[in-house]
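Data first, discussion second: the structure below is written as structure tokens.
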Number of protein chains: 2
Amino acid sequence: MAQTSPTFSPLYRQIKSLMLVALESGEWSPGQAIPSEQELAARFGVSQGTVRKAIDEMAAENLLVRKQGKGTYVASHNDPRSLFRFLRLVPEGEDLSHPVSVPLECWRAKAGQEAARVLAIEPGSPIIIVRRLLEFSAKPVVVDEIYLPGEVFQGLTLEMLQGWKGSLYSLFETRFGLRMIRAEERIRAVAADRRTAEMLRVKEGVPLLSVERVTFTYGDRPVEWRRGLYSTDEHFYLNELN
Amino acid sequence: MAQTSPTFSPLYRQIKSLMLVALESGEWSPGQAIPSEQELAARFGVSQGTVRKAIDEMAAENLLVRKQGKGTYVASHNDPRSLFRFLRLVPEGEDLSHPVSVPLECWRAKAGQEAARVLAIEPGSPIIIVRRLLEFSAKPVVVDEIYLPGEVFQGLTLEMLQGWKGSLYSLFETRFGLRMIRAEERIRAVAADRRTAEMLRVKEGVPLLSVERVTFTYGDRPVEWRRGLYSTDEHFYLNELN
DNA sequence: GAGTGGTCTAGACCACTGG
DNA sequence: CAGTGGTCTAGACCACTCT
């Protein structure tokens, strides 16, 4: 028997799409409360339960955050709770200090073949490259090289990076209106080259984690490509499998 | 103002607890269908919607699997779909072949301090140690050393491991009634020692991923501790951050 | 107390599976 | 066709937050 409706989409998913539009268009911005379930139900002409189910899914995807008695908020990287959502590196001991980002360089370039492919832009189009260090308790643990599409990050400077208190993604969100939704990391083991070894204060040739990350914003659009080299003598990469 | 009920637990969570008991006790076993939502609602004296919400959570935790039109099933590691739930290693190219497990050794020992701590058993109590190779397209890529509490895995032998077609966890589930629910992995970069290098057919000193995994069954009880060394010249560890 | 999200119910109907 | 999970509704009440 043929499917009766091969493209069947339940009502709450259509509502979800409408809400995603409100997010992408900036009608609702990070950290702000969205309208109450009652209001949304009225606005979309459905029952509260249907709106609820749409919100449920979006909360599960970390797009929204529910706060009982207060309202539903657009998730934000400014929220300290989402600090470790993308950083999986953990100190071996009881060290509870916050990691500190130390921007080193920031320059313009043209996208090569690989960067263009990963960022889904034209080869030769402008990109911005950032190098920075991540320190735990004043100890350098990660060297990152970050590739950003120039189109989106116009006006990004080293001074801006150095002046920012908070995570990179919180800066991207606040200054460029770009919210990072999800990421993919490819992890390999590599030997430290001389330059990296110096920066991480380890010996040349020491095994490091190479963590290559592609980060996506709304609509699964890739907007960041970074490669980090992690020293794992006093830290480890923690992954929870569910 | 004091909280009116500091230990408030909604009805659907209580239902969930009851269903967890049914799972742990073996009343419902992996791969089998559980009673329909209607039946469960009658059995527990609640509405279908409440049962539904309990099942929703358990499905989100990969304890149950819903199949529209058929019923709700207890998740099983025999299901091919759950094969890559815990193995995050991916070949670089288009290689779609299944990894093959090659058990090498299996012997008895007494738990040392660390093994005892991780497995939450007494130091000196019996454990079983398994060494095995994981091959992709006949190429050795991972050497695993696996520590299991002897209490639980009585009767496990090298022959049993070698005779088994399927994943380790599917064997554990079928032969020992132990279902693995979740795991934590700690990843570091290390240099290959001579013995490992030979087994993985790489040079001594080559950087490898060290992946230490603790696996838990129902009730967050740790029942497996393993350390794998991954060669990442033709494969990488893929992690999705959401 | 007013407003928010969170729970629970009862009932109707839809989509999918299998005999 | 009967039985399953999936959707949608409308309404009642609860827990939490802030004023």
Side-chain angles (χ1 to χ4, degrees), chain A residues 1-19 22-23 28 31-76 79 81, chain B residues 1-19 22-23 28 31-76 79 81:
Chain A
M1 201 57 122
Q3 309 274 83
T4 43
S5 66
T7 52
F8 168 73
S9 171
L11 190 48
Y12 74 86
R13 267 192 209 287
Q14 303 174 37
I15 303 302
K16 185 180 167 189
S17 304
L18 293 174
M19 294 178 65
L23 283 178
W28 302 334
Q32 301 292 110
I34 70 171
S36 76
E37 298 180 351
Q38 292 289 357
E39 286 177 273
L40 290 171
R43 164 164 162 185
F44 297 128
V46 299
S47 80
Q48 192 199 3
T50 302
V51 168
R52 230 185 132 60
K53 188 137 194 192
I55 295 179
D56 278 345
E57 281 203 0
M58 297 173 75
E61 292 166 23
N62 295 304
L63 298 176
L64 299 176
V65 179
R66 296 173 169 289
K67 299 186 184 176
Q68 179 168 129
K70 299 185 69 177
T72 302
Y73 295 75
V74 180
S76 166
D79 187 331
R81 279 171 299 190
Chain B
M1 201 57 125
Q3 308 274 81
T4 41
S5 67
T7 52
F8 168 73
S9 171
L11 191 48
Y12 74 85
R13 268 194 210 286
Q14 303 174 37
I15 303 302
K16 185 180 166 188
S17 306
L18 293 174
M19 293 177 64
L23 283 178
W28 303 332
Q32 301 293 109
I34 70 172
S36 76
E37 296 181 352
Q38 292 288 358
E39 286 177 274
L40 291 171
R43 166 162 159 186
F44 297 126
V46 299
S47 81
Q48 192 199 0
T50 301
V51 168
R52 232 186 130 60
K53 188 136 192 193
I55 295 179
D56 277 345
E57 281 202 0
M58 298 172 75
E61 291 166 22
N62 295 305
L63 298 175
L64 299 176
V65 178
R66 320 184 84 127
K67 299 187 184 175
Q68 177 168 134
K70 299 184 70 175
T72 301
Y73 295 75
V74 181
S76 165
D79 187 330
R81 278 171 300 189

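Below, all heavy atoms of this structure are taken into account, side chains as well, without hydrogens, waters or symmetry copies. Convention: sequence-line order gives letters A, B, ...; per-chain numbering from 1.
- Listed for the Glu39(A) side chain is a donor-acceptor partner under 3.5 Å among the backbone atoms of Ser36(A).
- Going from atom CD of Gln68(A) over to atom P of dG6(C) covers 6 Å, rounded to whole Å.
- We find that CD of Glu39(B) is positioned 11 Å from C1' of dT4(D), with the value rounded to whole Å.
- Across the protein-nucleic acid pair, Lys53(B) atom NZ and dC14(D) atom C1' stand 13 Å apart, rounded to whole Å.
- As a whole-Å value, the separation of Leu40(A) CG from dG5(C) C1' is 12 Å.
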TODO: Given side chain to side chain contact (heavy atoms under 4.5 Å, CB included), test Leu40(B) with Gln48(B) step by step and report yes or no.
DONE: CA-CA 8 Å; Leu40(B) 291 171; Gln48(B) 192 199 0; over 6 Å; no
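- A 4.5 Å side-chain heavy-atom check between Arg13(B) and Glu57(B) finds at least one atom pair inside the cut-off.
- One interatomic measurement links the two molecules: CD1 of Ile55(A) to P of dT7(C), which rounds to 14 Å at whole-angstrom precision.
- dT7(D) atom P lies 7 Å from atom CZ of Arg52(B), rounded to whole Å.
- Salt-bridge check for Glu37(B) with Arg66(B): passed, with a basic side-chain N closer than 4.0 Å to an acidic carboxylate O.
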Open item on the list: Working note: Tyr73(A) + Gln32(A), criterion side chain to side chain contact (heavy atoms under 4.5 Å, CB included); need CA distance, chi angles, decisive distance, verdict.
Closed with: CA-CA 5 Å; Tyr73(A) 295 75; Gln32(A) 301 292 110; 6.0 Å; no
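- Following rounding to the nearest Å, Ile15(A) (CD1) and dT7(D) (P) show an atom-to-atom distance of 14 Å.
- Contact annotation for Glu37(A): backbone-only contact, meaning every heavy-atom pair under 4.0 Å involves sugar-phosphate atoms and none involves a base.
- Phosphate proximity of dG5(C) to Lys70(A): absent, as no side-chain N or O sits under 4.0 Å from OP1 or OP2.
- For the pair Asp56(A) CG and dG6(C) C1', the interatomic distance rounds to 10 Å; values are reported in whole Å.
- Taking side-chain N and O atoms only, Thr72(A) has a distance below 4.0 Å to OP1 or OP2 of dG5(C).
- No more than 12 heavy-atom neighbours from other residues, nucleotides or ligands sit within 6.0 angstrom of CD on Gln38(A).
- Between Phe44(B) and the choices Thr50(B), Leu18(B), Leu11(B), the side chain to side chain contact (heavy atoms under 4.5 Å, CB included) rule is met once, by Leu18(B).
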Which protein N or O atoms sit under 3.5 Å from an N or O of nucleotides 9-13 of chain D?
unit_1, atom_1, unit_2, atom_2, d
dT9(D), OP2, Ser47(A), N, 3.0
dT9(D), OP2, Ser47(A), OG, 2.9
dT9(D), OP2, Thr50(A), OG1, 2.2

